[in-house]
Colleague: 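Would you mind keeping the following structure in view while I ask a few things?
In this text the structure is predicted, and so the values were computed from the model without any measurement. Side chains are part of it too, since the values below use all heavy atoms of this structure and drop only hydrogens, waters and symmetry mates. Residue numbering restarts at 1 for every chain, and letters A, B, ... go by the order of the sequence lines.
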Amino acid sequence: MGAAHQRYFQAYTAAAPLATFRVAFGLLVLASVGRFWAKGWIEELYLKPKFFFPYYGLEWIKPLGPYTYGLFVVCGLAALLVALGWWYRTAALALFASFTYIELMDKSTYLNHYYFVSLAAFLLVLLPAGRYFSVDAHRAPTHGRNQVPRWTVDALRLLVAIVYCYAGLAKLNSDWLLQAMPLRIWLPAKNDLWLVGPLFNYPWVAYAFSWFGAFYDLTVPFFLLYRPTRPWAYAAVVVFHVLTAVLFPIGMFPYVMIVAALIFFPAEAHERFVARLRGWWQSGPAPSPARPLLYAPRTRQLLLLTLGVFFVVQLLLPFRYLLYPRELFWTEEGYRFSWRVMLMEKMGQVEFKVVDGQTGRARRVNNYEHLSVLQEKMMSTQPDMMVQFARYLRAYYAHRGVHAPKVYADAYVSLNGRLGKSFIDPTVDLAQASDDLQPKPWILPFDDEISGF
Amino acid sequence: MKKTTLLAALLMLLAAFGTFSCQKDSSTEQPTPDSSPDRKALLTQWADSLVKPGYQRFNGKLATLKAKSAAFTAAPAPATLLEARQAWQAAYVEWQKVELYEFGPAEEVSLRNHFNIYPADVAGINRNITTGSYNFDLATAIPQQGFPTLDYLLNGVAADDAAIVQQYAASANHRRYLTDVVAKMDQTFATVYGQWTGSYRDTFINNAGTDASSSLSRVINAYSLYFERFLRAGKVGIPAGTMSGTPRPDKIEAFYQKGALPLQLATTAHATVQQFFNGRTGRPSLKSYLDALDAKDSRTGQRLTSIINTQLDASYQQLSSLGPDLHTTITARNADAVASYNEMQKAVRLVKVDMTSALSVTVTYVDNDGD
């Protein structure tokens with residue numbers, strides 16, 4: 001380990017950035033949970049459907065029936081406690097566990113920002129974000145620390161930087177840059193927006209947005225790191241994400257990123273902010289002597305090792321698609337958990353045929369009798385979900401007296417303005433197809449090429 | 001300094017790219033104010049030139065049906081039966097031209113459920129007639145009312161016309177049920193039509209966005225749902241046995257009337273679907289809107305609207321070939337019926353997947369960042 005290295009890992013910084021991140025993050029997750037509940041989505045997405053799409057290897061993670069509400073209560077409560085810094089470590093762990101559980105209950109609700117929340121919550125479990133400006137530190141002042149190792153703050157910065165850079169890399173493909181797809185489809189649908197709407201009718205605007213979006217994602221972490229450009233870069237963050245919030249139905253994601261990017265501001269800015277918050281209920285700021293957080297050598301080593309492994313996984317995981325031979329956007333093998341946000345206009349229709357293995361009698365399935373609108377929409381373009389549904393159908397019809405049911409999918413998918421085409425080999429019994437991470441040979445060819453990352 | 005340089009570079013890049021793409025595009029088609037996609041104009045056209053006039057015409061046929069069925073129950077005779085039946089037939093055909101408008105007021109009262117869910121529940125109808133007590137708003141009563149029930153009441157309650165007339169002459173309960181079924185249709189439709197001639201028209205055209213609650217989204221969802229479930233599956237697929245594996249000719253529309261009517265209803269519905277898509281030349285329509293969006297298959301450069309029209313033509317032709325009597329064709333030439341279903345399925349996909357995607361309307365209220 002070089003001297004610079006040594007010095008970096010010995011460097012200390014104010015604990016305030018961790019504290020403001022903790023507060024903002026906790027409140028945002030609390031708001032998300034409240035919003036989710038208020039919109040009736042818990043019932044619609046996790047109670048009503050008869051079938052759920054689990055993740056590979058995590059089939060045991062399922063909605064808990066009416067207790068699912070309890071899960072959301074736990075999650076919201078944990079988020080509040082994290083924000084307050086009260087029983088911080090336990091709360092962070094509960095937040096990570098409950099939120100991740102919720103996220104993994106059904107694939108059809110997968111959102112990149114849920115994944116980001118899970119990862120950030122995981123980091124918060126490890127990081128000393130409860131030592132400053134927290135109920136814990138207030139109740140047990142000996143526990144409080146106002147200086148933390150610099151790498152604890154940088155870990156959050158690195159996570160945010162990875163999100164942006166990988167989202168930017170994912171945009172470096174021919175559809176995005178050369179065809180301005182899918183923005184070319186999405187923008188005209190918003191042409192009634194005040195003032196700027198009419199511009200969206202022009203293809204060059206879609207090109208400008210595409211190129212700027214890619215440039216923004218790839219570079220904004222660096223502009224945020226560099227002091228002279230930081231205010232401008234943060235203004236760009238706010239404008240960019242507010243614009244996406246206005247244009248697209250992406251829920252809390254823009255706000256999550258607007259808040260997360262605050263971590264790039266220097267410690268003094270965070271300290272001033274915390275001091276102002278304190279000022280609301282305390283007469284004067286409480287200047288205190290520097291109290292750095294010193295880890296025991298073993299703890300420190302273990303923490304650094306865990307973070308190291310975490311980030312190596314984060315850096316590699318989005319590239320796992322390279323292990324699959326065919327077009328990522330078409331097969332979606334290795335698509336999730338890779339910061340591929342708003343990249344495709346993909347739509348499909350799938351109809352299942354169940355054939356009696358003995359009599360050969362065939363019947364068609366009405367998907368809507370089993371799935372929610374969202375589930376059916378998501379499944380219609382994602383092969384791994386079709387396999388799972390086919391297995392469910394086999395069991396369902398076997399139970400209803402169909403002998404050795406075979407399940408065939410007749411699927412049709414359009415991607416980024418290409419006319420739809422057959423998606424799944426209609427002669428393959430999907431209920432027999434393996435439900436794992438292997439390439440799926442029964443996905444029909446894309447017959448086109450999208451080059452780039 | 002660095003920041004300024006970078007910003008300048010970015011701006012120049014964008015400007016250069018903008019100019020470049022403009023030039024490239026101007027060779028094909030540059031959006032002008034005339035051809036830019038205008039949802040409000042489209043919705044206004046739909047409301048004023050399709051839905052309201054369509055409902056008005058249907059309202060007329062429904063009034064005739066009401067008058068003729070009243071004349072029949074007042075004086076059951078072969079002649080009045082024939083007139084009532086003709087009025088029913090004319091209204092049923094006209095209904096095919098408005099059934100697809102199941103959004104807004106029609107969706108609110110589930111108009112289709114009150115008008116055209118078949119096959120009719122004959123056992124339930126007979127029970128209702130006998131007991132004389134029924135509530136048409138119950139879910140179980142859906143197949144005990146509307147056009148399919150009138151089909152049974154005017155064609156199926158007895159072996160021939162003389163016997164049918166005899167039945168009504170003899171049974172006050174029969175006369176009352178027929179009157180009540182028509183009255184319920186009249187009453188339900190009146191609320192829907194009243195809203196369209198009232199304030200709903202403005203609500204409809206002013207909700208001009210593309211989110212899940214927008215008029216466009218509701219219309220497109222209703223349109224593709226109608227095409228897929230009620231035209232493709234209901235009129236052809238289910239009777240042909242594509243769903244269940246066994247042909248079920250008894251599940252056709254207007255089963256008791258038989259003859260040319262069932263196919264006429266289906267072809268009328270199909271023609272309506274295509275007319276709704278194309279609209280009138282020079283006026284806003286789905287077709288003109290999609291063309292203004294410049295929706296093309298990016299693999300071949302073919303216009304989406306011409307692809308859709310070609311397929312709708314093919315589908316209509318195949319459907320028309322199922323005559324003269326759909327009931328016979330379902331069993332005698334089942335393969336043709338299945339082929340018709342398959343042609344319709346191809347068109348359904350173009351509408352439900354390619355067209356909806358090009359329109360970029362949202363179908364669920366739930367957050368989405370994946371596609």
Colleague: Hey, could you give me the NZ/CZ distance between A/Lys421 and B/Arg299, rounded to the nearest 0.5 Å?
Modeller: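 The CZ atom of B/Arg299 is 6.0 Å from NZ of A/Lys421, to the nearest 0.5 Å.
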Colleague: Sub-3.5 Å donor-acceptor pair from the side chain of B/Asp354 to the main-chain atoms of A/Leu419, do we have one?
Modeller: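 It does not hold such a pair.
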Colleague: Given the options B/Val348, B/Thr362, B/Thr242, B/Thr246, which has more heavy-atom pairs under 4.5 Å with chain A than any of the others?
Modeller: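 Looking at each option in turn, the highest pair count goes to B/Thr242.
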Colleague: Which is it for B/Arg349 and A/Asp410 under the salt bridge (charged side-chain N to carboxylate O under 4.0 Å, His left out) test, yes or no, and what are the steps along the way?
Modeller: CA-CA 11 Å; B/Arg349 289 181 153 175; A/Asp410 183 11; 3.2 Å; yes
Colleague: Looking at chain A, which one of B/Lys40, B/Gln302, B/Arg229 has the largest number of heavy-atom pairs inside 4.5 Å, strictly under?
Modeller: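 If we count pairs closer than 4.5 Å to chain A, B/Arg229 comes out on top.
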Colleague: Chain B heavy atoms under 4.5 Å from A/Pro188: which part of the residue, side chain, backbone, both or neither?
Modeller: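 Contact with chain B is through both the backbone and side chain of A/Pro188.
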Colleague: Would you say CZ of A/Phe240 has more than 12 non-hydrogen atoms from neighbouring residues, nucleotides or ligands within 6.0 angstrom?
Modeller: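 Result for CZ/A/Phe240: enclosed.
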Colleague: Find the distance between CE (A/Met347) and CG (B/Leu359) and round it off to the nearest 0.5 Å.
Modeller: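 It comes to 9.0 Å.
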Colleague: Side chain, backbone, both or neither: which part of A/Met181 has an atom under 4.5 Å from a heavy atom of chain B?
Modeller: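 Neither; nothing under 4.5 Å.
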Colleague: Would the distance check show the side chain of B/Thr210 and the main-chain N or O of A/Ala189 forming a donor-acceptor pair, the cut-off being under 3.5 Å?
Modeller: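 Yes, because the side chain of B/Thr210 sits within donor-acceptor range (under 3.5 Å) of the backbone of A/Ala189.
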Colleague: Can you name the residues of residues 357-369 of chain A that have some heavy atom under 4.5 Å away from a heavy atom in chain B?
Modeller: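 Heavy-atom contacts from residues 357-369 of chain A to chain B are A/Arg361, A/Ala362, A/Arg363, A/Arg364, A/Tyr368.
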Colleague: Counting only heavy atoms not in B/Arg201 (residues, nucleotides, ligands), do more than 12 fall under 6.0 Å from its CZ?
Modeller: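 Buried by this count: over 12 neighbours within 6.0 Å.
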Colleague: Salt-bridge test for B/Arg232 and A/Glu351: reply yes if a basic N is under 4.0 Å from a carboxylate O, no otherwise.
Modeller: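 Looking at B/Arg232 and A/Glu351, the cut-off is met.
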Colleague: For B/Gln345, is it the side chain, the backbone, both or neither that has a heavy atom under 4.5 Å from a heavy atom of chain A?
Modeller: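 When you check distances to chain A, only side chain atoms of B/Gln345 fall under 4.5 Å.
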Colleague: Just checking A/Arg400: does its CZ atom have more than 12 heavy atoms from other residues, nucleotides or ligands closer to it than 6.0 angstrom?
Modeller: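 Yes - once you tally the heavy atoms of other residues, nucleotides and ligands closer than 6.0 Å, there are more than 12.
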Colleague: What part of B/Thr356 gets closer than 4.5 Å to chain A, counting heavy atoms only: side chain, backbone, both or neither?
Modeller: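 Both backbone and side chain.
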Colleague: Tell me, side chain or backbone of B/Thr300 under 4.5 Å from chain A's heavy atoms, or both, or neither?
Modeller: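 Neither part, no heavy atoms under 4.5 Å.
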Colleague: Side chain, backbone, both or neither: which part of A/Ala411 has a heavy atom under 4.5 Å from chain B?
Modeller: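 A/Ala411 touches chain B through backbone heavy atoms alone.
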Colleague: Considering only heavy atoms and a distance below 4.5 Å, find which of A/Lys39, A/Lys190, A/Met252 pairs most often with chain B.
Modeller: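 When all of A/Lys39, A/Lys190, A/Met252 are compared, A/Lys190 has the most.
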Colleague: Nearest 0.5 Å, what's the OG-CD1 distance between B/Ser357 and A/Ile185?
Modeller: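 Spacing of OG (B/Ser357) from CD1 (A/Ile185) equals 4.5 Å.
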Colleague: Which region of A/Leu415, side chain (C-beta onward) or backbone (N, CA, C, O), has a non-hydrogen atom less than 4.5 Å from a non-hydrogen atom of chain B, or is it both or neither?
Modeller: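 Neither; nothing under 4.5 Å.
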Colleague: Go through A/Phe248, A/Trp41, A/Phe329 and name the one with the most non-hydrogen pairs under 4.5 angstrom from chain B.
Modeller: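 Winner by heavy-atom pair count: A/Trp41.
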Colleague: Would A/Asp192 and B/Arg39 pass as an ion pair if we require N to O under 4.0 Å?
Modeller: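 Yes, A/Asp192 and B/Arg39 are salt-bridged.
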Colleague: Would a 4.5 Å heavy-atom cut-off, applied to side chains only, mark A/Asn191 and B/Ser36 as touching?
Modeller: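 A/Asn191 does not reach B/Ser36 side chain to side chain.
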